[in-house]
Amino acid sequence: MSDAFLIAALWGASVLFSVTISQDMAKRRKRDAELWLLLAAFIGPVAPAVLYYLGEAQPASREQQVKTARMASLVSTVLALALVLLLVVPMFRYCFRI
């Protein structure tokens with residue numbers, strides 16, 4: 001086996017491990033488990049350390065919940081547009097040889 005394959009396999013295993021640990025930690029610390037599951041999938045083994053540092057969540061008011069929901073929808077829209085841009089621009093350049 002090549003070194004790159006071994007490194008990728010170890011990284012994948014550490015991400016899977018951190019996803020399960022982060023989800024469990026988020027539930028115990030009264031944080032959004034789905035959000036931390038996704039964050040752990042992206043940032044890998046750093047997520048449990050961040051959750052440990054943050055501690056238990058404070059109860060959110062209704063205004064904070066609405067503000068968080070709006071911010072989450074904005075961020076997801078921006079990420080979706082960025083993904084489309086990353087996929088469409090190379091395809092457009094390839095099709096029209098720009």
Side-chain angles (χ1 to χ4, degrees):
M1 272 191 267
S2 70
D3 290 339
F5 177 77
L6 186 60
I7 290 171
L10 288 174
W11 180 257
S14 67
V15 167
L16 287 175
F17 182 71
S18 70
V19 163
T20 56
I21 294 292
S22 295
Q23 186 178 19
D24 185 48
M25 283 179 71
K27 285 179 184 176
R28 282 189 280 126
R29 295 171 186 264
K30 300 174 185 164
R31 296 193 178 271
D32 187 11
E34 293 175 1
L35 172 72
W36 280 97
L37 183 132
L38 291 173
L39 281 173
F42 283 111
I43 62 176
V46 178
V50 172
L51 265 169
Y52 181 76
Y53 176 75
L54 289 175
E56 192 168 327
Q58 301 295 326
S61 68
R62 181 69 183 146
E63 289 178 15
Q64 289 175 331
Q65 290 175 345
V66 169
K67 184 179 176 182
T68 303
R70 287 182 182 157
M71 183 61 75
S73 66
L74 176 69
V75 168
S76 63
T77 303
V78 167
L79 287 175
L81 289 175
L83 180 65
V84 167
L85 197 63
L86 284 172
L87 295 175
V88 170
V89 169
M91 184 184 74
F92 184 78
R93 290 183 68 189
Y94 177 76
C95 290
F96 296 106
R97 307 278 190 235
I98 295 176

Open item on the list: Same cluster or not: Leu79 versus Met71, using hydrophobic residues (I, L, V, M, F, W, Y) connected whenever any side-chain heavy atoms lie under 4.5 Å apart?
Closed with: yes
- [ ] Enumerate the residue pairs fulfilling side chain to side chain donor-acceptor pair (under 3.5 Å) with a member in residues 70-79, sequence neighbours excluded, ordered by first and then second residue.
- [x] none
TODO: With sequence neighbours left out, write down each residue that passes side chain to side chain contact (heavy atoms under 4.5 Å, CB included) with Met91, or none if nothing qualifies.
DONE: Cys95
TODO: Output all residues satisfying salt bridge (charged side-chain N to carboxylate O under 4.0 Å, His left out) with Asp32, sequence neighbours left out; order by chain, then residue number.
DONE: none
Task: Hydrophobic cluster partners of Leu85 (side-chain heavy atoms under 4.5 Å) - done: Val89
- [ ] Name all pairs fulfilling the salt bridge (charged side-chain N to carboxylate O under 4.0 Å, His left out) condition that reach into residues 35-50, sequence neighbours left out, sorted by first residue then second.
- [x] none
Open item on the list: Is there a continuous path of hydrophobic side-chain contacts, each under 4.5 Å between heavy atoms, that joins Val46 to Met25?
Closed with: yes
TODO: Give a yes or no on whether Tyr52 and Val50 share a hydrophobic cluster (residues Ile, Leu, Val, Met, Phe, Trp, Tyr; joining criterion: side-chain heavy atoms under 4.5 Å apart).
DONE: yes
Contacts under 3.5 angstrom, residues 7-20 side chains, donor-acceptor by atom type, not counting sequence neighbours:
unit_1	atom_1	unit_2	atom_2	d
Ser14	OG	Leu10	O	3.3
Ser14	OG	Trp11	O	2.7
Ser18	OG	Ser14	O	3.3
Ser18	OG	Val15	O	2.9
Ser18	OG	Gly44	O	3.2
Thr20	OG1	Leu16	O	3.4
Thr20	OG1	Phe17	O	2.8

Open item on the list: Any heavy-atom pair between the side chains of Arg31 and Trp36 that's under 4.5 Å?
Closed with: yes
- [ ] Would you mind listing the cluster partners of Val88? Hydrophobic ones only (ILVMFWY), side-chain contacts under 4.5 Å, chaining allowed.
- [x] Val84
- [ ] If a pair satisfies salt bridge (charged side-chain N to carboxylate O under 4.0 Å, His left out) and one of its residues is in residues 42-62, list it, with sequence neighbours excluded.
- [x] Lys30-Glu56
- [ ] List for me each residue that meets salt bridge (charged side-chain N to carboxylate O under 4.0 Å, His left out) alongside Arg29, sequence neighbours excluded, and say none if there are none.
- [x] none
Open item on the list: My understanding is that only residues two or more places apart in sequence, or in another chain, count here; which of them pass side chain to side chain contact (heavy atoms under 4.5 Å, CB included) with Lys27?
Closed with: Gln23, Ala33
Task: Nearest atoms (heavy-atom pairs only) where Leu86 meets Pro90 - done: O-CD, 3.0 Å
